[in-house]
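Below is one structure, written out as structure tokens; the observations come after it.
Start at 1 and go down the list; that is how both ligands and their atoms are numbered. Just so you know, these numbers use all the heavy atoms, side chains as well, and skip hydrogens, waters and symmetry mates.
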Amino acid sequence: MGRIREPHGAPVLLVVSFLLSALCFSQAKSELRSSALLGDPLLANLSACHHSFTDANRPAYCCPPRRDIDQRLVQFDLSKLSQTQKRVRRAVHHLDADFIAKYQKAVAIMKSLPSDHPHSFFRQANNHCLYCTGSYDQVNSSSLFKIHRSWLFFPWHRAFLFFHERILGKLIGDETFALPYWSWDTPEGMQIPEIFARGVLSDGERDEAHLPPTIANLNYNKEASVRPSDEQVKVNLAFMHKQMVSGAKKRELFLGCKVTAGEEGFCDGPGTVEGAPHNTLHSWVGSGVNPEREDMGAFYSAAKDPIFYAHHSNIDRLWEVWKELREGKDADFEEHAWLESAFTFYDENLRFVRIKVRDLLDTHKLGYEYEEIPLPWVNAKPKPTASSAASIKKRKSGSLLSRRAVMEKERALVSSVTFEVYRPKRGRSKEEKEREEEIIVVEGIRVKRDVYAKFDVFVNLGAEEEKIAGPLVREFAGSFVNTPHGSRRIGETEGKMGKKGTTLKLGISELLDDLGADEDESIWVSLVPRGGSGVFMTVDGVRIEFLR
Ligand code: C2O
């Protein structure tokens, strides 16, 4: 952990806040009420579906009708899956008129089913609401079962789409029906696709300013400035490179933190792509005149917009692409707690099934695959700015503030802060770097009032460039994005999970090589708040770690 520099002033020692956070941690442990063991998988307690809260802490209710709960739960059996011909998910911009008509028909039928039918569009959308707002407790625990911001994100959404797709196919009697994907990671897909503008696939609750021909900002924040289209495309590709390649060298960085059962197993750390473009595009699509940018902008309502499924089809595809880019090496976690965590859905034959994460790791066994398209971001790595080296020298001559000054002031990210962070290891060999990724750990991020908030992280960037720099400079290490996620339970006044705060981990081995900083004893890490949201955020500190 290191010295900290005020935006236009001096570095400060930052030690005390770490002691404080350690204190909070032990308090949380003594409050444990759950009997779940640390490291257990997450299972939902289906006997009690309850009221929950939306992302902005407004009451929500998305439970199925009572009679469903008494239904027999069957274990999903991958080996018995009947799928003679593969379903091929294609890019939305490659769909032909026949397919579009078929897709519209399937969704129209789904929307016409009575709202208590498990295959109805209403119930399908509520499936997402159930597991994202915390309508179920975990088995043997009073903790909520939630599927965002951790390693459950990719598998849960894969399972959701898997059943949704098979149900749609069943409704039109087509065993090969496959959901299309919205390839917002390629220039052809960077607008809201045409087919979602009309008829059953449209949704009135979208941001008017973001309809075509507006190019999506994959790293969107509410107050982001609008760029010319061709520049936005470039920024998007550089950003994808960061999220998929240079910043995602380890599975924890890509898939998210290791949440396990019970209060003590809680974690809050989305993987690169979940944070953005996933979260950011949800906000970008949703309507700015609604309180939570509904539909897409809030998880409780997101799946009511048909574009949700194409958005997630692309997310699911990118999981596959990420695996392929690393040739499957260390791609899946091996922890029992991950493999045995399970979710429930209705299948296409109206059986209520429980599916485990271990059954969700091979799309070919699940009977579908993705049409391959070019990946223009694979080589879209940006260049360092020229002033990077000069600015390090300037910073090193700064003077120190006293420790007390830090303690007295709540460290809100009102403006940017820069930490000098010492590096425990330097100049490692190529093999070492492959084995262990050097990461920036931003610890104890707390967002007051659970609002939308965002900061960007840069390494060795000149102070002059902070305001305008983004994914297009090599110094960009990543972003922290908080979409409100309603951590409350009924009867509580605030989330009890908030104490530890969030930890942001960003891989930087390759970045340091590219900046020529791999021999340096320390680096300068800047946290730059965006969209005026810094007043709601505090952080405990920044340090370097190595991740296997
Ligand atoms: Cu569960 Cu895109 O959200």
Side-chain angles (χ1 to χ4, degrees), residues 42 44 52-56 60 62 89 92 121 123-136 144-165 179-185 189 192-193 196 203 205-207 210 216-220 243 254-257 259 268-287 290 292-319 322 341 343-345 355 357 360 452 481-487:
L42 267 78
S52 51
F53 284 98
T54 72
D55 308 324
C62 25
R89 296 185 182 173
V92 172
F121 194 77
R123 287 279 301 272
Q124 287 291 303
N126 265 355
N127 259 335
H128 187 248
C129 182
L130 278 177
Y131 277 97
C132 79
T133 62
S135 301
Y136 293 123
L144 302 176
F145 193 126
K146 289 184 154 198
I147 44 86
H148 289 114
R149 308 179 68 82
S150 76
W151 66 1
L152 296 182
F153 171 76
F154 281 101
W156 187 89
H157 291 84
R158 172 166 289 175
F160 180 36
L161 257 58
F162 169 77
F163 293 113
H164 184 75
E165 175 176 82
L179 283 167
Y181 61 86
W182 172 20
S183 67
W184 33 253
D185 57 303
I192 292 184
F196 293 104
D203 186 310
E205 308 302 316
R206 294 187 191 140
D207 195 322
H210 296 162
N217 178 353
L218 302 189
N219 196 18
Y220 173 72
Q243 303 301 78
F254 182 76
L255 294 168
C257 68
V259 68
D268 180 18
T272 49
V273 166
E274 179 185 355
H278 169 259
N279 285 348
T280 46
L281 280 180
H282 267 286
S283 306
W284 185 81
V285 174
S287 166
N290 291 333
E292 302 182 42
R293 295 192 70 86
E294 290 95 337
D295 286 327
M296 275 285 275
F299 288 144
Y300 85 93
S301 57
K304 289 190 204 165
D305 186 335
I307 205 171
F308 174 98
Y309 304 88
H311 178 41
H312 271 280
S313 186
N314 202 42
I315 292 284
D316 189 66
R317 164 185 159 258
L318 290 174
W319 182 13
W322 177 80
S341 284
F343 322 114
T344 52
F345 295 94
I355 187 165
V357 170
L360 291 160
Y452 180 88
V481 182
N482 184 66
T483 39
H485 48 284
S487 45

Contacts of Cys62 meeting side-chain contact (heavy atoms from CB on, under 4.5 Å) (sequence neighbours excluded), chain-then-number -> Ser52, Asn126, Cys129, Thr133, Ser135
Just to be sure I understand the site: which N, O or S atoms from the protein are less than 2.8 Å away from atom 2 (Cu) of ligand 1? His278 NE2, His282 NE2, His312 NE2
Any chance the rings of Phe162 and Phe345 have centres within less than 6.0 Å? no
Ring centres of Tyr309 and Phe160 under 6.0 Å apart? yes
How would you list, by chain and number, every residue that makes a side chain to side chain donor-acceptor pair (under 3.5 Å) with Asn314, sequence neighbours excluded? Asp185, Arg317
Which residues pass the ring-ring contact (aromatic ring centres under 6.0 Å, His included) test with Phe196, not counting sequence neighbours? none
Do Trp156 and His148 have a side chain donor and acceptor closer than 3.5 Å? no
